Protein chains: 2
Amino acid sequence: MVAGPGKRRLEIELIEDRARRHTTFTKRRQGLIKKTKVFANKFDAQAAVIAFSGAGNLFAFGSPSVESVVRRYLDTASGGGGAEEEEERPQTPEERIGAALEKGSWDAVVEGLGPLEIDELSTEIMKLRRVVAARVSEMEARD
Amino acid sequence: MVAGPGKRRLEIELIEDRARRHTTFTKRRQGLIKKTKVFANKFDAQAAVIAFSGAGNLFAFGSPSVESVVRRYLDTASGGGGAEEEEERPQTPEERIGAALEKGSWDAVVEGLGPLEIDELSTEIMKLRRVVAARVSEMEARD
DNA sequence: AGGCCTATATATAAGGT
DNA sequence: TACCTTATATATAGGCC
């Protein structure tokens with residue numbers, strides 16, 4: 001099927017799939033922001049969510065404002081965290097993987113990592129696998 | 001009838017009992033973080049939550065890291081606190097890969113690849129998985 | 001596109017162990 | 001304290017306009 005109705009049909013499918021994905025993304029983004037809003041209200045706490053879509057668009061909400069929460073985070077994060085409550089720790093950037101892809105040495109990358117970072121890396125691997133799998137089936141669908 | 005998710009109706013908005021308030025705070029904080037985690041995974045997006053308890057303790061989670069998301073936010077936002085519009089956009093060649101890695105979006109990376117490159121990537125992922133698995137069992141052996 | 005509507009799935013407040 | 005259970009509240013995926 002080089003051209004004609006078949007190709008057209010596939011393109012429509014892709015577009016609709018993308019639209020569906022976008023709809024879901026929007027709903028969940030709204031849900032996430034609502035949760036944050038309620039959370040901040042209920043406990044009179046400062047809270048903020050920041051999200052970037054795959055396309056790079058920014059969505060954020062903060063109480064009293066994203067700016068203030070971010071600022072406070074930057075002030076606090078360096079000094080030291082919570083006293084009696086445990087804190088979710090920051091995670092390792094996935095750029096490691098990109099760099100490693102170019103170098104070709106996984107061993108060197110994994111060697112220095114701690115438990116949390118390993119966990120993070122595992123998560124990223126699973127994400128990458130899903131994305132690759134999706135891409136593969138997408139290409140197979142074209143044949 | 002306004003009832004809470006629990007077994008009984010919530011009589012008062014502000015929870016007076018300190019211990020119970022703390023319990024609820026913890027649960028909701030975990031829920032919020034989980035939501036953010038799932039959101040980031042499901043859509044291969046960058047996302048972060050930051051929260052300060054009334055006592056001033058910091059709780060935060062970010063994918064791939066709070067730092068990276070905050071940094072990107074500061075780079076992107078001109079100062080807004082609200083949400084903006086989302087529009088999925090088809091993008092171009094492979095020079096995009098570098099930028100995509102910085103954005104932390106695997107989707108964007110895989111998007112431009114051909115069959116051979118996908119295959120190579122799959123192989124690399126498998127290798128990485130093995131290396132990570134080895135590292136994990138290595139660490140578990142120490143306990 | 002932007003709202004409703006409705007099964008299902010999750011989240012979660014109390015209470016129990 | 002920390003986990004488990006249970007009853008109810010919310011959130012959400014898809015339909016259907």
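Below, read A as the first sequence line, B as the second, and so on, with proteins coming before strands; counting in each chain starts at 1. Owing to the predicted nature of the structure, the values given are computational and were not obtained by experimental measurement. Just the heavy atoms: all of them, side chains too, but no hydrogens, waters or symmetry mates, feed the values below.
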Asker: Hey, is the side chain of Lys34(B) poking within less than 4.0 Å of OP1 or OP2 on dT10(C), counting only N and O atoms?
Answerer: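 Indeed not, no polar side-chain atom of Lys34(B) lies that close.
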Asker: Distance check, rounded to the nearest 0.5 Å: Tyr73(A) atom OH versus Ile50(B) atom CD1?
Answerer: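 Going from OH on Tyr73(A) over to CD1 on Ile50(B), the span is 6.0 Å.
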Asker: How would you list, by chain and number, every residue that makes a salt bridge (charged side-chain N to carboxylate O under 4.0 Å, His left out) with Arg71(A), sequence neighbours excluded?
Answerer: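 Checked Arg71(A) against salt bridge (charged side-chain N to carboxylate O under 4.0 Å, His left out); matches are Glu67(A).
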Asker: Just the rounded figure in Å: distance from C1' of dA11(D) to CD1 of Ile33(A).
Answerer: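 Rounding to the nearest Å, CD1 of Ile33(A) and C1' of dA11(D) are 15 Å apart.
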Asker: Would you confirm whether Ser68(A), through its side chain, and Ser65(A), through its main-chain N or O, come within 3.5 Å as a donor-acceptor pair?
Answerer: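 Side chain of Ser68(A) to backbone of Ser65(A): a pair is present.
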Asker: Tell me, please, which residues at least two apart from Asn41(B) pass side chain to side chain contact (heavy atoms under 4.5 Å, CB included).
Answerer: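 Counting only residues at least two positions away or on another chain, Asn41(B) forms a side chain to side chain contact (heavy atoms under 4.5 Å, CB included) with Thr123(A), Lys127(A), Arg130(A), Lys37(B).
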Asker: For nucleotides 12-17 of chain D, give me one character per nucleotide, 5' to 3': B if any protein heavy atom sits under 4.0 Å from the base, S if the only such contacts are to the sugar-phosphate, - if neither.
Answerer: SBB---
Asker: Sequence neighbours left out, what passes ring pair (Phe, Tyr, Trp, His ring centres under 6.0 Å) with Phe39(B)? Give chain and number order.
Answerer: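 For Phe39(B), the residues satisfying ring pair (Phe, Tyr, Trp, His ring centres under 6.0 Å) (neighbours in sequence not counted) are Phe25(A), Phe43(B).
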Asker: Could you pull out all residues at least two apart from Lys42(B) that satisfy side chain to side chain contact (heavy atoms under 4.5 Å, CB included)?
Answerer: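 Checked Lys42(B) against side chain to side chain contact (heavy atoms under 4.5 Å, CB included); matches are Thr24(A), Arg28(A).
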Asker: Report for the helix from dG2(C)-dC17(D) to dT17(C)-dA2(D): angle between first-end and last-end helix axes, five pairs each, rounded to 10 degrees.
Answerer: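 Between the axes fitted at each end of the helix from dG2(C)-dC17(D) to dT17(C)-dA2(D) lies an angle of 30°.
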Asker: I'd like to check the side chain to side chain donor-acceptor pair (under 3.5 Å) partners of Ser122(A); sequence neighbours left out, ordered by chain and number.
Answerer: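 Residues passing side chain to side chain donor-acceptor pair (under 3.5 Å) with Ser122(A): none at all.
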Asker: For Lys27(B), check side chain to side chain contact (heavy atoms under 4.5 Å, CB included) against everything at least two apart and list the hits.
Answerer: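 By the side chain to side chain contact (heavy atoms under 4.5 Å, CB included) rule, Lys27(B) matches Thr23(B).
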Asker: Rounded to the nearest angstrom, tell me the gap between atom NZ in Lys37(A) and atom P in dT10(D).
Answerer: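 The answer, rounded to whole Å, is 16 Å.
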